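Only one structure is covered here, and it is reproduced in the block below.
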Amino acid sequence: MALTSKPIEIRTSPHIRKAISVAQIMRNVVYALLPICAWSVYKFGLSALLLLLTTTVACALSESLFCWLSGRNNTVRDFSVIITGLLLGLTLPPGFPLWMAAVAGFMAIGLGKALFGGLGYNVMNPALVGRAFVQAAFPVAITTWTPAFVPGRFSEAIPSTLTTPFMTPPDATVWIQALAIDGFTGATPLALQKFEHISASTIDLLTGVLAGSAGESSALLVFLCGLYLALRGMMDWRIPAAVFTGTILTSLPFYLVSPEIYPSPQFMILSGGLMLGAMFMASDMVGSPLTPRGIWLYGFSIGFLTVMIRLFGGLTEGVMYAILIGNVLTPLIDSVTQPRVYGARRQEERP
Amino acid sequence: MDPESVQFIFLNAAIVNNFVLALFLGICPFLGVSAKKETAWNMGLATMFVMLVSSVCAYGINLLLVRFNIEFLRLISYIAVIASAVQLVEMALKKFSPGLSRAMGIFLPLITTNCAILGLALFQTFREYNFVQSLAFSIGAGVGFTLALMLMSGLREKLELARVPSVSQGAAMSLMLAGLLSLAFMGFAGLGSSHA
Amino acid sequence: MSEGVQARPQTSSLAMLRTLGGIAMISGFLVVLVFQWTKPIIAENKRIAIEKAVFRVVPNAVSRRDFILAPEGLSPVGKKAKGETVYAAYNAKGELQGVALETVATGYQDVIRILYGYDPQCECVTGIKVLKMTETPGLGDKIAYDPDFLKNFHGLDGKLSADKSGLAHPIAAVKHGSKSEPWQIDSISGATISSKAIGRMINASGQRMFPLIQRYLSGFRPPVTVAAQGGEPPGSDLQ
Amino acid sequence: MNLNRIFNKYRTFPHGIHPLGHKELTAGKAIRRVAFAPEMVIPLSQHRGAPAVATVVPGQEVVRGEPIAEPGGFVSVPMHSPVTGSVKSIDALVPSAAGPKVRAIVIHTYEASTQEVLYDCPRDLESMTSEQLVQAVQDAGMVGLGGAAFPSHVKMLPPKGKKIDTLLVNGCECEPYLTCDHRIMLERADSLIRGIEMALRATGAGRAIIGVEDNKLDAVVHIRSRLPSGGRISVEAVETKYPQGAEKMLILALLKQEVPSGGIPADIGVAVYNVGTLAQLGDLVPESRGLIERVVTLSGPGIERPGNYLVPIGTPLRFLLGQARSRSDANEIIIGGPMMGMSVASLDVPVTKGVSGVVVLEPKDPDQRPRPIYPCIKCSDCLDACPVNLNPSMLGQLAQVREYGTMEQAYHLNDCFECGCCSYVCPSNIPLTQYFRIAKAINREAAVAAAH
Amino acid sequence: MTTVLHKQEQVTLDTFLRGIWEENPVFVMLLGMCPVLAVTNSTLNAIAMGLATLFVLVASGTLVSLLRKMIPREVRIATYIIIIATFVTMVDYTIQAISLDLYNSLGAFIQLIVVNCVILGRAEAYASRQRVGAAVVNALGMGVGFTLALLCLGTVRELLGAGTILGYPIFSPNFEPWVVMILPPGGFFVLGGWLLLFEWIKQRRERRTLQAQGATAHGS
Ligand SMILES: Cc1cc2nc3c(=O)[nH]c(=O)nc-3n(C[C@H](O)[C@H](O)[C@H](O)COP(=O)(O)O)c2cc1C
Ligand SMILES: Cc1cc2nc3c(=O)[nH]c(=O)nc-3n(C[C@H](O)[C@H](O)[C@H](O)COP(=O)(O)O)c2cc1C
Ligand SMILES: Cc1cc2nc3c(=O)[nH]c(=O)nc-3n(C[C@H](O)[C@H](O)[C@H](O)COP(=O)(O)O)c2cc1C
Ligand SMILES: Cc1cc2nc3c(=O)[nH]c(=O)nc-3n(C[C@H](O)[C@H](O)[C@H](O)CO)c2cc1C
Ligand code: SF4
Ligand code: SF4
Ligand code: SF4
Ligand code: SF4
Ligand code: FES
């Protein structure tokens with residue numbers, strides 16, 4: 001009988017696997033990010049395109065470099081580094097000098113990932129580590145916002161984009177004034193709300209025609225892309241849900257007490273990087289807790305911290321730092337929320 | 001918040017200008033005793049306690065020093081009095097609460113001569129805090145120290161299971177982690193100052 | 001091992017006390033020696049530092065005298081009076097040029113402490129100097145050196161209200177490029193928080209102190225001789 | 001988490017997974033007999049507990065149904081000859097599904113051997129005491145047919161101080177591909193009910209609940225229509241979800257109770273039996289017969305004629321697969337279901353009492369494709385799958401650094417019943433269940449070493 | 001009182017060099033980390049801090065070594081602390097006299113030299129057991145090692161963080177400084193970076209020696 005002609009395989013149970021693998025998940029996250037990238041390129045033109053390319057290439061090259069240095073197989077092909085690069089690019093201002101973006105990419109992978117052993121072992125979100133590093137290193141460049149939908153944006157880059165490496169970028173105000181765009185103040189909706197108490201309209205926030213980083217603009221688009229991942233089971237929907245709950249529950253009391261000073265919860269959710277952060281960055285499973293209660297607690301803390309930093313901190317935007325703090329809280333959260341095992345005796349019954 | 005107010009002093013010492021992560025005080029115990037959550041917690045408790053004791057002592061001594069115009073003896077008397085006060089309290093603790101004393105025991109002598117404790121005493125003197133402010137400052141500093149230590153120990157325990165490259169194992173990794181923590185804590189800058 | 005086996009004779013308490021006492025004596029001697037030697041130098045350093053700062057915020061000043069100012073009255077430093085220390089600055093002819101005051105507020109990172117000058121004649125602020133801050137280099141720390149920003153304080157309006165209990169117009173920092181009134185401060189672009197902190201602290205201090213300065217204006221008599229002033233500076237961060 | 005949980009009206013337990021069932025391959029196929037293999041191999045240890053002791057000698061003639069081995073202790077059962085033939089050898093070493101070679105009786109089948117059981121003796125159940133019933137169950141050589149092959153009579157005698165009040169009859173059949181229990185419920189409902197009543201008497205339990213997954217509602221309806229009056233026996237549908245058939249999960253779903261960690265169902269007054277076990281009991285005990293054949297599902301993409309076969313115990317796999325026409329490019333042959341079964345190394349392995357199915361997989365199946373193993377990405381899918389609420393991610397990471405002691409003390413390793421859910425869902429393809437099996441074995445060895 | 005006899009060390013070049021490389025207090029023993037991180041945001045501060053520590057190390061080492069026969073075991077730590085505190089107070093006032101700006105930028109860290117483990121550790125582990133000569137040379141070595149480590153950090157941080165060394169611009173005027181380097185995280189990162197570098201060099205050297213040994217084994 002033919003049966004014996006071929007060697008039979010021996011495996012251990014279970015013999016079947018869910019047909020979904022890490023590389024597949026990562027590839028789908030990249031797909032989900034592409035529409036957001038496309039929108040930002042449409043909005044900010046050549047500069048945004050160059051920025052996204054730079055961060056992605058810088059991340060991929062750094063990953064290869066560190067793999068080579070530590071004598072490990074190159075892990076670029078698992079796509080996680082592409083996500084890091086794209087997300088990093090999406091969080092930076094569109095006119096961010098490319099050389100600084102490359103520094104951010106290098107730091108994201110080196111400091112945020114390779115140092116700890118690569119995929120799965122990092123303790124903080126690599127993309128945000130990269131961004132936090134350049135935020136602390138180049139505070140001026142990272143708070144310089146340029147207007148969207150500038151005519152000629154596809155043929156000409158924002159002047160600061162092509163700054164010579166290690167040099168100070170040219171003053172953006174000159175360029176912006178030359179454009180003579182009505183009413184552009186260089187302030188993001190969050191800064192306007194914080195310092196002038198002017199809230200942008202919900203429609204503007206949803207569609208994203210405002211200033212801001214490449215990825216923090218259209219809340220609706222980001223939400224839809226995140227929804228795709230959640231529906232395909234590649235992202236844990238509980239994390240964004242918990243972040244939103246935390247944000248609403250924390251900001252609502254302030255809004256109810258004095259709506260003229262404090263922004264509404266819906267502004268809180270739709271403005272800034274919260275949508276992108278909740279959907280794509282807080283939800284990075286590597287830095288988030290494992291336990292079900294831990295996941296809710298983690299998301300809630302991120303929402304809470306974001307509101308606290310936005311309302312009472314020095315910064316206008318707190319999502320990045322809230323997620324980083326959430327990441328470092330994760331081990332502690334995990335250790336206090338271990339699930340009760342089936343049949344475990346209750347405390348008092350223990351001998 | 002008023003920068004002189006007790007809440008602000010507490011919040012500032014605990015989070016915004018965290019002793020370890022922003023002021024670089026108490027780095028040695030932070031690096032040395034943060035490998036396990038359990039020990040980190042006990043160390044945190046012990047430090048909080050010693051901070052409280054030394055803050056009170058320093059406040060008292062400073063009154064005397066100013067009264068007799070011998071401020072140049074400040075450093076010598078601070079360190080001597082803090083060391084002996086901790087010794088006394090430790091003895092009392094051993095007698096009345098052996099459990100607590102056992103948990104904090106080995107750490108107490110270690111803490112007595114570290115920068116966080118003396119730094120606390122010196123800072124509260126420079127900033128001319130009154131008694132209540134000093135208390136808030138010391139509790140805030142203790143809470144902040146414990147927080148940093150717990151976060152660090154959680155991360156280090158987690159990384160014990162990671163495939164860390166051989167070069168970055170050990171002290172270098174701890175320092176990088178501390179740097180990342182410090183970077184994350186920069187997000188709290190200005191927390192509590194009003195911007196209206 | 002043999003030493004370990006022998007019972008170590010207990011050191012007598014007397015020996016311990018003797019040693020400790022001896023060491024304490026030595027150290028006391030050393031410390032006092034250095035203290036005595038450096039005391040005048042340090043005092044002089046501090047005086048120069050204060051004077052530099054005061055003369056920087058009050059133009060044309062060449063001498064200063066320190067007072068304690070409180071709602072109850074004005075008294076020269078030295079008398080045990082409660083209140084805020086202010087530095088009156090005089091020109092070569094001994095005429096009051098202005099008063100320098102200290103004030104604090106929380107900025108972007110931590111507390112900012114400044115000294116600023118107030119000219120009772122023109123009822124305006126004449127200059128500021130940052131004494132202490134930890135603002136972000138390149139951004140918030142521009143409050144200390146940015147010429148455009150510092151220009152705000154050459155004649156910043158601090159007029160009293162009609163009832164002389166406070167300022168006619170609260171001093172405040174406004175967004176970069178939107179200064180329209182003489183009592184407004186044009187913020188540094190990208191460092192609104194630090195700029196606002198400066199506005200806030202001058203306003204708070206001005207609301208309280210300007211009416212008092214005006215009320216006790218006649219008390220700010222110049223020092224007897226310019227050089228005789230100085231001495232121990234009041235306990236403050238001013239160095 | 002999934003929305004199904006919200007809309008499904010049937011009871012279940014938290015977590016678990018939903019692998020593709022593939023039951024349509026065989027669910028409609030009635031049970032058929034297979035021919036006798038020319039040589040039957042009957043291992044002496046087909047069950048948990050002590051091996052049986054042979055009572056025949058080589059060359060001896062045996063008839064179908066005749067006892068050929070006696071129990072080696074209380075937790076042990078006798079063996080019966082599945083065919084009429086002559087004993088070729090006893091104590092021969094034959095390959096087993098688990099790997100190591102085991103002792104077995106090999107019987108040469110007479111060409112003329114018929115399906116007729118020649119060794120029986122009807123008896124009156126009504127007059128038997130419960131002790132006699134338990135003895136009769138042991139004499140029948142009954143072991144659990146749900147897979148674990150635990151001697152059935154042992155479960156009828158609860159430990160001292162415990163009393164069985166509820167009998168759960170496990171008709172879940174949660175493993176993909178397998179449909180033997182489904183067919184038994186449809187075709188042998190009366191035997192099943194007879195077996196249940198017998199078990200109720202033997203255990204002294206007051207009620208019996210048959211739990212059936214809701215993908216077999218036809219079985220529910222069918223059994224309900226045959227239930228005797230009196231209401232002691234009921235049928236409940238439960239949600240289709242793996243591992244709904246694990247006894248701890250079934251108890252949680254139907255009784256809302258948990259078996260204490262490290263305990264057995266008897267601790268909370270429950271005994272769980274597989275439907276196949278009780279149907280066989282209902283058939284065998286009244287006739288004083290022994291267990292000589294069982295229903296086995298042959299299925300999977302590697303089988304041309306999938307179906308449910310009544311297979312004599314001891315039929316070698318090679319013969320059985322020949323009957324069902326296994327395809328030539330089959331690459332993995334599994335005894336049991338694909339979630340918990342074992343892949344066999346040799347086709348000379350015989351069908352034993354615990355074999356509920358033989359599944360032949362092909363390399364081109366999407367869930368079979370080889371994939372690289374990644375580090376754990378902490379996705380928490382395994383936590384959301386583990387039916388006993390363990391933390392497989394943490395356990396897996398600890399296993400990789402060989403912290404076996406910590407796994408047991410801090411993370412409840414011993415509560416893992418190796419259902420495979422965590423490995424199934426893991427996107428990093430980490431062989432978690434395998435790690436846990438190894439860790440347990442190492443801990444057991446360490447404990448034994450420490451005891452000496 | 002019994003004096004436990006310790007082997008008296010010969011003063012050699014190694015007595016001095018040990019503190020600089022093999023037993024470098026910062027890079028190898030990880031002692032006195034707080035001042036290392038806190039004051040190294042500029043080269044000048046690093047030098048001042050290093051010299052101040054060097055002075056206290058040498059002075060207290062000398063005194064402790066001189067008095068080593070007279071100090072009873074029971075009170076030795078207290079004695080050392082008083083001695084150290086004395087010298088620190090002296091340094092503190094001296095720096096105030098030299099420059100108030102420098103004093104302000106070093107903050108409380110001059111006074112915190114008292115609790116610097118390097119100094120107490122040296123007093124306890126070396127000076128209290130060795131003759132004055134050895135104690136001084138050893139303290140000098142440690143102090144120089146400490147100062148060099150501070151310089152390693154200070155120069156990198158100032159160069160990257162402000163584009164200057166000792167206040168003098170190094171790069172073209174358009175250089176964009178990496179502000180993070182003079183902020184607290186930068187301190188951790190730069191020290192961590194140095195340690196990574198040393199570790200990498202060490203491991204590479206070990207690999208090379210192993211390979212070399214393997215090669216000779218093959219050759220023979
Ligand atoms: C790393 C970092 C450091 C900052 N430091 C300061 C600072 O020192 N002072 C300040 O006013 N704003 C600082 N900011 C900016 C504030 O968060 C805020 O965006 C700014 O004050 C708003 O001013 P604008 O409306 O003029 O842009 C910093 C921002 C970042 C990202
Ligand atoms: C060592 C051992 C002892 C057992 N003792 C009893 C018992 O005394 N009573 C009982 O009802 N079941 C007993 N069982 C049976 C188990 O509860 C369970 O039904 C059997 O292991 C099969 O379960 P499974 O197929 O889920 O693995 C025992 C099982 C084992 C492994
Ligand atoms: C993961 C897992 C899944 C199981 N699934 C089933 C099942 O679907 N049907 C079943 O009868 N037994 C199943 N079992 C075995 C039961 O736990 C239990 O042992 C059996 O129902 C007892 O009956 P038996 O002794 O008659 O075989 C499963 C066991 C495990 C560990
Ligand atoms: C839903 C989802 C979100 C992710 N978010 C991030 C992210 O914010 N930053 C990042 O560097 N990588 C992200 N990744 C990719 C990957 O998890 C990341 O590179 C790991 O943190 C590297 O260990 C994400 C992956 C998934 C599936
Ligand atoms: S054979 Fe086992 S796993 Fe499969 S359905 Fe039956 S009891 Fe469940
Ligand atoms: S194999 Fe063990 S750990 Fe994994 S899901 Fe099943 S019970 Fe949980
Ligand atoms: S380890 Fe596995 S095979 Fe062994 S007794 Fe436990 S459940 Fe059974
Ligand atoms: S399913 Fe796999 S990758 Fe996900 S947490 Fe569990 S072990 Fe890690
Ligand atoms: S130098 Fe050791 S704790 Fe600060």
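The structure presented is a predicted model; accordingly, all values stated were derived computationally and were not measured. Just so we're on the same page: letters track the sequence lines, and every chain starts at 1.
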Exercise. Go through the atoms of B:S166 and report whether side chain, backbone, both or neither lie under 4.5 Å from a heavy atom of chain E.
Key: both
Practice problem: Pick whichever of B:A80, B:A22, B:A178, B:G170 has the most heavy-atom pairs under 4.5 Å with chain E. | Solution: B:A178
Exercise. Can you measure from CG (B:L31) to CZ (E:F188) and round to the nearest 0.5 angstrom?
Key: 7.5 Å
Quiz prompt | Chi angles and distances behind the side-chain contact (heavy atoms from CB on, under 4.5 Å) call for B:Y78, E:V114 | solution = CA-CA 11 Å; B:Y78 271 15; E:V114 178; over 6 Å; no
Self-check item: Residues, nucleotides or ligands: over 12 heavy atoms within 6.0 Å of E:Q203 CD
Solution: yes
Quiz item: Heavy-atom distance under 4.5 Å to chain B: side chain of E:V190, backbone, both or neither?
Solution: neither
Self-check item: B:L122 versus chain E, the contacting section by heavy-atom distance below 4.5 Å
Solution: side chain
Quiz item: Which pair of non-hydrogen atoms, one from E:G192 and one from B:M176, has the smallest distance, and what is that distance?
Solution: C-CE, 3.7 Å
Practice problem: Let me know if B:F123 has heavy atoms under 4.5 Å from chain E in its side chain, its backbone, both or neither. | Solution: side chain
Exercise. Nearest 0.5 Å please: distance from the SG atom of B:C28 over to the CG atom of E:N116.
Key: 7.5 Å
Quiz item: For the atom pair CG (B:L25) and CG (E:L37), what is the distance rounded to the nearest 0.5 Å?
Solution: 10.5 Å
Exercise. With a 4.5 angstrom heavy-atom cut-off, could you sort out which part of B:L181 is near chain E: side chain, backbone, both or neither?
Key: neither
Quiz item: If you count heavy-atom pairs under 4.5 Å with chain E, which of B:I79, B:L177, B:I117 comes out on top?
Solution: B:I79
